[in-house]
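To keep things clear, I will list the structure first and then write my remarks on it.
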2 protein chains.
Amino acid sequence: MLLVDDDPTVAEVASSYLRATGFVVEEASDGFAALEAAERIAPDLIVLDRMLPGIDGLEVFRRLRERTSTPVILLTALGSEDDRIAGLEAGADDYLSKPFSTRELVLRVQSVLRRSIGEFTPESVLEYGEFRLDPSAHVATRGGVELTLTAREFDLFEFLLKHPNQVFSREELLRTVWGWTYGDLSTVTVHVRRLREKIERDPRSPVLLTTVWGVGYRFTMDGAADAVV
Amino acid sequence: MLLVDDDPTVAEVASSYLRATGFVVEEASDGFAALEAAERIAPDLIVLDRMLPGIDGLEVFRRLRERTSTPVILLTALGSEDDRIAGLEAGADDYLSKPFSTRELVLRVQSVLRRSIGEFTPESVLEYGEFRLDPSAHVATRGGVELTLTAREFDLFEFLLKHPNQVFSREELLRTVWGWTYGDLSTVTVHVRRLREKIERDPRSPVLLTTVWGVGYRFTMDGAADAVV
DNA sequence: CGCAGGTCTTACGGAACGCGAACGATTCAC
DNA sequence: GTGAATCGTTCGCGTTCCGTAAGACCTGCG
């Protein structure tokens, strides 16, 4: 997969998450590099920012279309419906407006790939200890017992499971899981609490989803039943 | 393949994309040229715009049907006027509403061709648990008992049966089952409700076709007769 | 021990969402 | 032409979820 975005932050967050999902991601930061890379690696999918230095994203898109039929997801700064229509008319396969959550991006990517290639997508089921999480079915279980998570809780849990033993600040979580660039950090706090309520044996003293004081949160599997994959 | 559209932009983008995919594409920009070309080159598939100068697309379609059984994909401008999509369902092999992504078009083209070639392979019957669904005969049964589904309900059910244990957003269903690029999402809601009315033991508390709050719908077979997978 | 900043808990209002029912419009069968 | 059937839409209602605010609690440090 080829990811084209001139904003290093967006590129880094998005690509790391896509990689964690199982995709092989190549990056490009401008139009020329994008065209060159598309030629070189022949990706099965291209995520393309509309606003690019040098050649405009749409122009890059047109040139791509001249020689290949690779699916393209278009990213744009402002999410107006007009842009969406324009993008679709130009032939983009899908469309996403910034800022977007990583979940949204992965969903679109999978949807497009599912349509173009078939059933296969790298992310099938996520397993970690006694936890099992199936994003496509949106089902989470602990030891076979289903956990009823809300959409946000599911996203948060999914992200943490994909990046275990790693500390994330509230800002980071807000950016990657929520897709916000700013916002009330207590939103994260509360959702972490609610998630704990559902996955921890004793939510009062968390073992899995722990607080790293002054830094953020971390998901770990310390428990005895650590038959990790 | 014959592509008929009076809009040069659409024709150019679509045809170049189809060619990049590997099809041999002939173009026509009005009804007469379309009929003439259809006669001359005997294409294996025709993509036909509904709105055409001179003879209307529908009229072209009827005349085509008089002398040949070439598969036809109809392009319609949604919302522009009273579209008789429902009535065309019987006649056209598929239809797509503008604006559409070119990839969507390619997918439909491939699907139609696959169908027209493998038309006589009787193993297109879909079975899942106690459900049995025969797309070619348009008959659905549950435990041998026939379910009287409408066209839309059948399409929806067919899609869900083909992709069990997977969540689909309303938007996704609208695009894949209805062939719309955008539209009223409550359309999906209502049809899901109607379908539930016919396949669920207790439609009030669905077991098979469940709602995933904030995400979409999912078809699952939890029931006892689960000899699947 | 007391303070300050960070974290947890609870509660609440608004918004989003899904559901049900019903209504025209249209089509098809007779 | 008439009536039944299908389909897409609309509206009101109840529910669920989410984000924020406010206070209590905890941790680290002087």
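Because the structure is predicted, anything quoted here is derived from the model rather than measured. Just so we're on the same page: letters track the sequence lines, and every chain starts at 1.
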query = Got a sec, which residues hit side chain to side chain contact (heavy atoms under 4.5 Å, CB included) with Pro71(B), two or more places apart in sequence or on another chain?
reply = Leu45(B), Asp93(B), Val112(B), Ser116(B)
task = Compare side-chain N and O positions of Tyr217(B) against OP1 and OP2 of dC17(C) and report whether any pair is under 4.0 Å apart.
result = no
note = side chain to side chain contact (heavy atoms under 4.5 Å, CB included) filter on Ala34(B), not counting sequence neighbours, yields Val4(B), Ala28(B), Val60(B)
inquiry  = Output the rounded distance in Å from CZ (Phe168(B)) to C1' (dG18(C)).
reply    = 20 Å
message = Do Arg63(B) and Ile55(B) make a side-chain contact, defined as non-hydrogen atoms from C-beta onward lying under 4.5 Å apart?
response = yes
Length of the line joining Asp155(A):CG and dC17(D):P, which is rounded to integer Å = 14 Å
inquiry  = At less than 4.0 Å, is any side-chain N or O atom of Arg193(A) found next to OP1 or OP2 of dT7(C)? Yes or no.
reply    = no
query = Rounded to whole angstrom units, what separation is found between the CZ atom of Arg170(B) and the P atom of dT9(D)?
reply = 14 Å
task = Go through the structure and list residues passing ring-ring contact (aromatic ring centres under 6.0 Å, His included) with Phe157(A), not counting sequence neighbours.
result = Phe131(A), Phe219(A)
message = At less than 4.0 Å, is any side-chain N or O atom of Arg204(B) found next to OP1 or OP2 of dC19(C)? Yes or no.
response = no
task = Would you kindly give the NZ-to-C1' distance between Lys198(A) and dC18(D), to the nearest whole Å?
result = 12 Å
side-chain hydrogen bond (donor to acceptor under 3.5 Å, both in side chains) partners of Tyr17(A), counting only residues at least two apart = none
key: Presence of Thr150(A) side-chain N/O under 4.0 Å of dT16(D) phosphate oxygens OP1/OP2   = no
key: Atom pair distance, as rounded to whole Å: CZ in Arg152(B) and P in dA5(D)   = 20 Å
request  = Please tell me if the side chains of Met1(A) and Val47(A) come closer than 4.5 Å, counting only heavy atoms from C-beta onward.
outcome  = yes
inquiry  = Could you tell me how far apart Glu197(B) (CD) and dG20(C) (C1') are, to the nearest whole angstrom?
reply    = 10 Å
task = Quick one, give me the B/S/- string for nucleotides 20-30 of chain D, reading 5' to 3', where B means a protein heavy atom under 4.0 Å from the base and S means that only happens at the primed atoms, P, OP1 or OP2.
result = BB-----S---
Distance-only criterion, 3.5 Å: show the donor-acceptor pairs between side-chain atoms of residues 184-192 of chain A and protein atoms not counting sequence neighbours.
| residue | atom | partner | partner atom | Å |
| --- | --- | --- | --- | --- |
| Asp184(A) | OD1 | Ser186(A) | N | 2.9 |
| Asp184(A) | OD1 | Ser186(A) | OG | 2.8 |
| Asp184(A) | OD2 | Ser186(A) | OG | 3.2 |
| Thr187(A) | OG1 | Asp184(A) | O | 3.1 |
| Thr189(A) | OG1 | Arg170(A) | NE | 3.0 |
| Thr189(A) | OG1 | Leu185(A) | O | 3.4 |
| His191(A) | ND1 | Thr187(A) | O | 3.1 |

key: Residues forming a ring-ring contact (aromatic ring centres under 6.0 Å, His included) with Phe159(B), sequence neighbours excluded   = His163(B), Phe168(B)
key: side chain to side chain contact (heavy atoms under 4.5 Å, CB included) partners of Ser29(B), counting only residues at least two apart   = none
ask   = Can you tell me how far P of dC7(D) sits from CG of Leu173(B), to the nearest Å?
value = 16 Å
Terminal axes of the helix from dC1(C)-dG30(D) to dC30(C)-dG1(D) (five pairs each): angle between them, nearest 10 degrees = 30°
ask   = Rounded to the nearest Å, what distance is computed from the CZ atom of residue Phe154(A) to the P atom of nucleotide dC17(D)?
value = 14 Å
